[in-house]
*Asks:* 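Input: one structure, supplied below.
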Amino acid sequence: MKDKLKTITTRITESTREMVDFQKKITAIKALSPKNGGEGEYDKTEFIKNFLIKNGITDIQEINVPEKDAKNGIRPNLIATIKGISSKKLWIMAHTDVVPAGDLELWKTDPWKVEERDGKLFGRGVEDNQQGLTSALFMAKAFVDCKIKPSHTISLIFCADEETGSEYGLDYIVDNHLEMFGKDDIIIVPDAGAPDSTMIEVAEKTLTWVKFKVHGKQCHASMPQDGNNAFKA
């Protein structure tokens with residue numbers, strides 16, 4: 001298992017320049033919601049789909065949600081799957097839309113053209129959420145490149161419309177295709193975290209910390225009926 005993990009992580013590291021190039025190409029495709037004056041995610045999703053197929057990830061499902069103001073009248077959602085040893089799924093979710101660039105006078109560079117500087121990428125959408133999309137895609141690609149079958153089935157889900165409410169993205173999928181998700185599936189949304197990957201956030205937008213004090217009555221383990229187990233309570 002450790003050897004397989006090392007093989008996968010090494011392959012991902014070797015793909016660094018390819019990942020940067022991928023980010024540059026998808027950043028140049030303006031995936032703005034019609035609510036934000038754009039045509040939606042059609043062109044960007046088509047590019048991603050073609051990239052997946054070209055790199056051997058061909059089990060692809062498309063969920064196209066009608067919207068008259070979007071290009072070709074749809075907001076596309078893409079699901080790419082790599083079959084694992086177990087049918088239990090690891091879902092990795094990212095979104096394809098971005099927010100508008102805003103006041104261009106406040107940008108030091110062209111927001112739709114990625115610039116590399118000090119080991120970082122600058123451009124509209126490179127963090128939100130293209131870092132999650134790119135890392136998920138190249139992780140899956142590494143399994144294919146290395147001809148390693150993952151322990152669990154991996155499904156990448158690239159949603160539309162996250163930035164303006166998810167009506168044509170995740171909300172639609174959950175309302176109409178909930179059967180895709182199993183009760184034991186694992187779902188990861190790589191949208192935020194620490195640079196060294198030591199933090200996993202189990203919340204949306206922020207965390208709420210709640211502190212409890214529990215009180216019980218101590219007793220001998222042979223006579224639990226004489227006590228009050230605070231943790232059980």
Side-chain angles (χ1 to χ4, degrees), residues 19-53 60-81 91-115 120-138 140 155-178 180-181 187-193 201 203-206:
M19 286 189 273
V20 171
D21 181 64
F22 180 80
Q23 274 262 40
K24 288 181 176 181
K25 288 176 178 176
I26 60 175
T27 300
I29 305 171
K30 299 179 183 180
L32 295 170
S33 164
K35 291 181 182 178
N36 285 329
E39 295 184 321
E41 307 85 358
Y42 184 87
D43 288 340
K44 188 173 182 178
T45 303
E46 281 294 296
F47 178 86
I48 294 167
K49 181 179 71 173
N50 291 331
F51 185 89
L52 287 164
I53 294 171
I60 295 174
Q61 177 184 359
E62 296 177 68
I63 299 176
N64 296 320
V65 185
E67 186 184 14
K68 62 181 180 62
D69 295 325
K71 184 171 183 177
N72 293 329
I74 60 170
R75 303 291 294 277
N77 298 274
L78 203 64
I79 300 168
T81 298
W91 292 90
I92 303 181
M93 188 178 75
H95 61 86
T96 51
D97 60 323
V98 300
V99 295
D103 185 355
L104 297 180
E105 294 296 321
L106 299 177
W107 284 82
K108 295 180 181 179
T109 59
D110 183 342
W112 306 109
K113 185 177 180 181
V114 171
E115 178 175 309
K120 298 179 181 179
L121 302 181
F122 295 85
R124 173 52 84 221
V126 294
E127 195 283 328
D128 187 10
N129 185 228
Q130 289 173 189
Q131 52 80 22
L133 191 158
T134 302
S135 60
L137 189 155
F138 276 85
S155 284
L156 312 179
I157 179 166
F158 300 142
C159 295
D161 193 36
E162 193 272 351
E163 297 292 0
T164 52
S166 295
E167 177 184 355
Y168 302 96
L170 185 60
D171 282 1
Y172 181 92
I173 293 170
V174 170
D175 288 342
N176 295 276
H177 300 278
L178 188 60
M180 294 192 313
F181 305 99
I187 301 173
I188 298 175
V189 184
D191 203 342
E201 187 177 36
E204 172 66 13
K205 305 301 181 188
T206 187

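As the structure is a computational prediction, the values presented were derived from the model and not from experiment.
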*Asks:* Counting C-beta onward and ignoring hydrogens, is there a side-chain heavy-atom pair between D161 and Y172 closer than 4.5 Å?
*Replies:* no
*Asks:* Determine the minimum heavy-atom distance between Q131 and Q23, stating which atoms define it.
*Replies:* N-NE2, 3.8 Å
*Asks:* What's the shortest heavy-atom distance between Y42 and P76, and which atoms?
*Replies:* CA-CG, 3.8 Å
*Asks:* Under 3.5 Å, which donor-acceptor pairs do the side chains of residues 121-129 form with other protein atoms, sequence neighbours left out?
*Replies:*
unit_1: R124; atom_1: NE; unit_2: V99; atom_2: O; d: 3.2
unit_1: R124; atom_1: NE; unit_2: P100; atom_2: O; d: 3.1
unit_1: R124; atom_1: NH2; unit_2: P100; atom_2: O; d: 3.0
unit_1: D128; atom_1: OD1; unit_2: H95; atom_2: NE2; d: 3.0
unit_1: N129; atom_1: OD1; unit_2: H95; atom_2: N; d: 3.1
unit_1: N129; atom_1: ND2; unit_2: P190; atom_2: O; d: 3.4
unit_1: N129; atom_1: ND2; unit_2: D191; atom_2: OD1; d: 3.4

*Asks:* Nearest heavy-atom pair of A101 and W107: which atoms, and what distance?
*Replies:* O-NE1, 2.7 Å
*Asks:* CD of E67 to OG of S33: how many Å apart, nearest 0.5 Å?
*Replies:* 6.0 Å
*Asks:* Considering only heavy atoms from C-beta outward, does the side chain of K35 approach that of E167 to under 4.5 Å?
*Replies:* yes
*Asks:* Using a strict cut-off of less than 4.0 Å between a Lys/Arg side-chain nitrogen and an Asp/Glu carboxylate oxygen, indicate whether E62 and K49 qualify as a salt bridge.
*Replies:* yes
*Asks:* Hydrogens and angles aside, do Q130 and T27 bring a side-chain donor and acceptor to less than 3.5 Å of each other?
*Replies:* yes
*Asks:* Less than 4.5 Å apart, side chain to side chain, heavy atoms only: is that true for L137 and F22?
*Replies:* yes
*Asks:* Which distance, rounded to the nearest 0.5 Å, do you find between the CD1 of I74 and the CD of E41?
*Replies:* 9.5 Å
*Asks:* If you take all heavy atoms of L32 and V98, which pair is closest and at what distance?
*Replies:* CD2-O, 3.4 Å
*Asks:* Restricting to ring-ring contact (aromatic ring centres under 6.0 Å, His included), what partner residues turn up for F181, sequence neighbours left out?
*Replies:* W91
*Asks:* To the closest 0.5 Å, what do you measure between NZ (K108) and CG (L106)?
*Replies:* 11.0 Å
*Asks:* Report the C-alpha separation of N77 and I157 in whole Å, then their side-chain angles, then the decisive distance to 0.1 Å, and conclude whether the side chain to side chain contact (heavy atoms under 4.5 Å, CB included) test is met.
*Replies:* CA-CA 7 Å; N77 298 274; I157 179 166; 5.9 Å; no
*Asks:* Can you measure from CG (D43) to OG1 (T96) and round to the nearest 0.5 angstrom?
*Replies:* 11.5 Å
*Asks:* Between T45 and F158, is any pair of side-chain heavy atoms under 4.5 Å apart?
*Replies:* no
*Asks:* If you compare all heavy atoms of L52 against all heavy atoms of A80, which two are closest, and at what distance to 0.1 Å?
*Replies:* CD1-CB, 3.8 Å
*Asks:* Which heavy atom of A136 sits nearest to which heavy atom of I92, and what is that distance?
*Replies:* CB-CG2, 3.4 Å
*Asks:* Please step through side chain to side chain contact (heavy atoms under 4.5 Å, CB included) for the pair V65 and N176, ending with a clear verdict.
*Replies:* CA-CA 11 Å; V65 185; N176 295 276; over 6 Å; no
*Asks:* Measure the spacing between CD of E162 and CG of D97 and express it to the nearest 0.5 Å.
*Replies:* 6.5 Å
*Asks:* Within the 4.5 Å heavy-atom criterion, are N64 and N72 side-chain neighbours or not?
*Replies:* no
*Asks:* Measure the CG-CD1 distance between L178 and I173 for me, rounded to the nearest 0.5 Å.
*Replies:* 11.0 Å
